[in-house]
Structures are given as structure tokens and as C-alpha cells.
Amino acid sequence: MEHVLGSEWVISPAGGTTGEAFLAQNENQKLFLKRNSSPFLAVLSAEGIVPKLVWTKRLENGDVITAQKWLEGRVLSKEEMKKEKVAKLLSKIHHSSEILHLFMRMGKHPLEPSNLLVRLINQYRGNQHVDQALIAHALEFLHKHLDQVRTQEMVVCHSDINHENWLQGEDDHLYLIDWDQAVIADPALDLCMLLYQYVPRNEWSNWLKMYGVELDDNLYLRIQWYMIASSLSYYIWYLEKGNLEYSNKWKQRLMEHKMAIYS
């Protein structure tokens with residue numbers, strides 16, 4: 001990274017799991033650098049969804065380096081994820097035609113629930129360490145309700161709605177960062193992760209009203225369907241990585257759903 005900016009800059013790792021994010025600073029400025037970040041970062045910056053994009057540079061090896069204004073602020077707490085400001089920003093993202101059109105121009109195709117189910121089956125196949133009965137129950141539920149969760153409402157979903165990706169700036173502006181996993185999909189893909197992780201069930205209707213929709217039977221089923229699909233994927237993925245703590249977390253989510261069905 002040093003050769004990109006020059007010797008007057010001090011560059012240090014900025015955390016994250018990929019090792020591709022850096023803090024660059026000199027006497028006058030701080031920048032957040034990232035290698036090969038989301039190609040629609042400029043649109044997200046223009047919409048005020050991510051910190052301001054300062055410049056983009058393509059290296060000789062084909063890598064693209066983006067520089068954003070370093071954000072002085074803090075990560076949202078889990079409790080703050082229930083707030084109206086989170087619902088409003090997620091709604092703005094899901095209803096942005098600019099983001100959706102750019103994503104489609106990049107050649108991205110919507111993630112249909114049937115394709116997601118096939119992907120999950122392939123992910124599970126051959127793994128001898130999973131709870132076979134639990135996986136079978138989850139797949140049975142997903143297959144049974146497949147036709148009911150098909151929808152024409154496709155938006156750009158962030159796909160990693162973790163509270164650590166929501167940043168509150170010193171100017172009180174809220175940002176959603178780390179768009180590397182974004183896909184075109186049913187908005188329930190994002191909603192399920194946020195609601196199940198941060199909002200008590202008896203508060204879902206009020207939160208969704210702040211977001212801009214009513215919680216009807218169809219939306220509830222779609223949220224439930226994508227939560228099972230996401231939990232199944234994370235359960236297998238973390239198990240394969242040897243991270244038993246996180247694997248058991250998602251396994252527990254699947255077990256809770258199974259118990260709710262039979263209770």
C-alpha cells in the first residue's frame with residue numbers, strides 16, 4: 001500500500017477478516033483504504049450510505065484500491081438496532097433504484113429462493129459432521145414453502161446485517177459499511193437477520209412499520225424462510241471452518257425453529 005500513496009503516509013491494518021482494509025494517515029488527512037471493495041461504492045457514497053469516496057486507483061496487477069474518508073464515530077450497539085434510524089436507512093437502501101440499476105448493469109442476477117435451496121443442498125452434501133436430522137428438518141421446511149416465498153420484490157440486499165457494520169458518525173449520520181456480500185434478493189434476506197438477532201418478536205410489527213411495511217402472513221413466512229436458509233448456511237460454513245462457537249450459535253437457531261414447529 002505504501003507505494004500507492006507515497007512515503008509521507010503511515011499505513012496500518014484497519015481490522016476486518018480479510019486483511020484487505022487499512023488506515024492511511026499523514027499530517028493533514030486520514031483515509032480508509034480497501035483492496036477490491038464493492039464496485040458500486042461510488043453510488044453508495046453519493047447516496048450517503050457509506051463514508052465519502054475520495055478516490056479510486058487501479059494497480060498494474062489489476063487490483064483496485066479505494067480510499068474513503070476516515071469515519072470518526074462508533075459502532076451501533078445491539079440495542080440500537082431496534083431504533084427508527086436503522087429501519088429508515090435500510091428502507092432507503094432497499095428502495096434505491098440507483099443502487100439496484102447499477103447492480104443489474106454489472107450483470108448480477110437476482111438470487112431466487114429455488115437457487116438458494118440448491119446451493120444449500122450442495123453445501124450440505126458430503127458433510128458428515130452436521131446434525132443430519134436437524135438439517136433434514138430445515139431442508140424439508142424450505143422445500144415445503146418454496147412456492148409461497150417467491151416474490152417479484154427484488155432489491156439490493158446487504159446480506160451481512162451485523163450491528164458492527166452500522167457506524168454512527170460524529171456528525172450523527174448513520175452509515176452501513178462492508179458491501180462485499182451484497183446481492184439482489186428478496187428484502188426478507190436482510191430483514192430476517194436484523195429482526196431475529198436484534199428485535200424481540202412482539203416488536204416486529206412496530207419496527208417494520210418504521211421500515212415502511214405491514215407484517216402480514218406472507219412477509220412473516222418469507223422472513224422465517226430466509227432465516228432458516230441463512231442459519232443453515234452459517235451452521236455448515238462455520239462447522240467446516242472449525243469455529244464451533246459460531247457453528248453452535250446457528251445450530252441453536254435451527255433447533256429453536258424445529259421446536260417451535262412441533263410445539
Side-chain angles (χ1 to χ4, degrees), residues 44 47-50 73-100 110-111 113 116 138 141-142 145 148-169 171-179 181-234 246 249-250 252-261 263:
L44 295 172
E47 295 269 327
I49 295 167
V50 300
R74 62 177 180 82
V75 170
L76 288 191
S77 67
K78 294 180 179 180
E79 185 68 22
E80 287 177 302
M81 295 295 287
K82 299 189 295 184
K83 301 296 185 181
E84 183 176 8
K85 59 186 178 183
V86 173
K88 294 295 186 184
L89 180 55
L90 189 59
S91 181
K92 174 183 177 180
I93 292 166
H94 285 171
H95 292 93
S96 172
S97 57
E98 290 81 4
I99 297 175
L100 178 60
L111 177 61
L116 177 55
F141 175 88
L142 296 176
H145 297 287
Q148 297 168 269
V149 298
R150 290 193 173 97
T151 177
Q152 298 298 315
E153 185 183 7
M154 290 290 182
V155 304
V156 173
C157 291
H158 181 274
S159 297
D160 189 13
I161 304 293
N162 187 296
H163 73 102
E164 295 182 350
N165 285 330
W166 297 78
L167 302 183
Q168 184 82 46
D171 59 356
D172 207 37
H173 190 91
L174 182 63
Y175 301 93
L176 179 57
I177 63 168
D178 196 357
W179 283 80
Q181 298 182 47
V183 295
I184 299 175
D186 185 333
L189 178 65
D190 278 345
L191 294 173
C192 75
M193 299 300 289
L194 193 149
L195 292 173
Y196 270 96
Q197 292 190 96
Y198 304 113
V199 183
R201 177 63 186 86
N202 61 357
E203 297 178 23
W204 282 18
S205 292
N206 289 334
W207 192 95
L208 287 167
K209 285 180 181 178
M210 294 188 295
Y211 169 86
V213 298
E214 295 289 333
L215 180 59
D216 58 19
D217 290 342
N218 177 259
L219 179 56
Y220 178 73
L221 177 60
R222 285 157 49 204
I223 289 172
Q224 192 178 28
W225 196 95
Y226 279 98
M227 188 62 225
I228 298 304
S230 299
S231 299
L232 181 56
S233 179
Y234 283 127
Y246 277 80
K249 169 189 171 183
W250 294 107
Q252 182 63 33
R253 183 77 68 185
L254 293 171
M255 292 175 66
E256 290 170 359
H257 172 261
K258 183 177 181 180
M259 292 173 63
I261 291 294
S263 63

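Here, residue 1 is the first one in the sequence, and each next residue gets the next number. Heavy atoms only: backbone and side chains are in, while hydrogens, waters and symmetry mates are out.
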Asker: Q152: which residues meet the side-chain contact (heavy atoms from CB on, under 4.5 Å) condition with it, sequence neighbours left out?
Answerer: none
Asker: Step by step, would you call V86 with L174 a side chain to side chain contact (heavy atoms under 4.5 Å, CB included)?
Answerer: CA-CA 8 Å; V86 173; L174 182 63; 4.2 Å; yes
Asker: Under the rule for side-chain contact (heavy atoms from CB on, under 4.5 Å), what residues qualify as partners of H145, not counting sequence neighbours?
Answerer: F141, Q148, L221, W225
Asker: Evaluate the side-chain proximity of L194 to L191: yes if any heavy-atom separation is below 4.5 Å, no if none is.
Answerer: no
Asker: Using ring pair (Phe, Tyr, Trp, His ring centres under 6.0 Å) as the criterion, list what pairs up with H95, not counting sequence neighbours.
Answerer: none
Asker: Report yes or no: does S231 contribute a side-chain atom to a donor-acceptor pair with the main-chain N or O of M227 at less than 3.5 Å?
Answerer: yes
Asker: So does E47 get a backbone contact from the side chain of K92, meaning a donor-acceptor N/O pair under 3.5 Å?
Answerer: yes
Asker: Does E80 use its side chain to pair, donor to acceptor, with the backbone of S77 at less than 3.5 Å?
Answerer: yes
Asker: List in chain and number order the residues that pass side-chain contact (heavy atoms from CB on, under 4.5 Å) with Q252, two or more places apart in sequence or in another chain; answer none if no residue qualifies.
Answerer: M255, E256
Asker: Show the atom names and distances, to 0.1 Å, of all donor-acceptor pairs under 3.5 Å that link a side chain in residues 160-169 to residues at least two apart or in another chain.
Answerer:
from, atom 1, to, atom 2, distance (Å)
D160, OD2, N165, ND2, 3.2
N162, OD1, E164, N, 2.8
H163, ND1, L76, O, 2.8
N165, ND2, D160, O, 3.0
Q168, OE1, K85, NZ, 2.7
Q168, NE2, D172, O, 2.6
Q168, NE2, D172, OD1, 3.0

Asker: What is the ring orientation for Y211 with W207, classed by angle as parallel under 30°, tilted 30 to 60°, or perpendicular over 60°?
Answerer: parallel
Asker: What pairs meet the side-chain hydrogen bond (donor to acceptor under 3.5 Å, both in side chains) rule with one or both residues in residues 183-197, with sequence neighbours excluded?
Answerer: H94-D190, D186-R222
Asker: Set out, in order, the CA-CA distance, both residues' side-chain angles and the distance that settles side chain to side chain contact (heavy atoms under 4.5 Å, CB included) for L195 and L208, then state yes or no.
Answerer: CA-CA 9 Å; L195 292 173; L208 287 167; 4.2 Å; yes
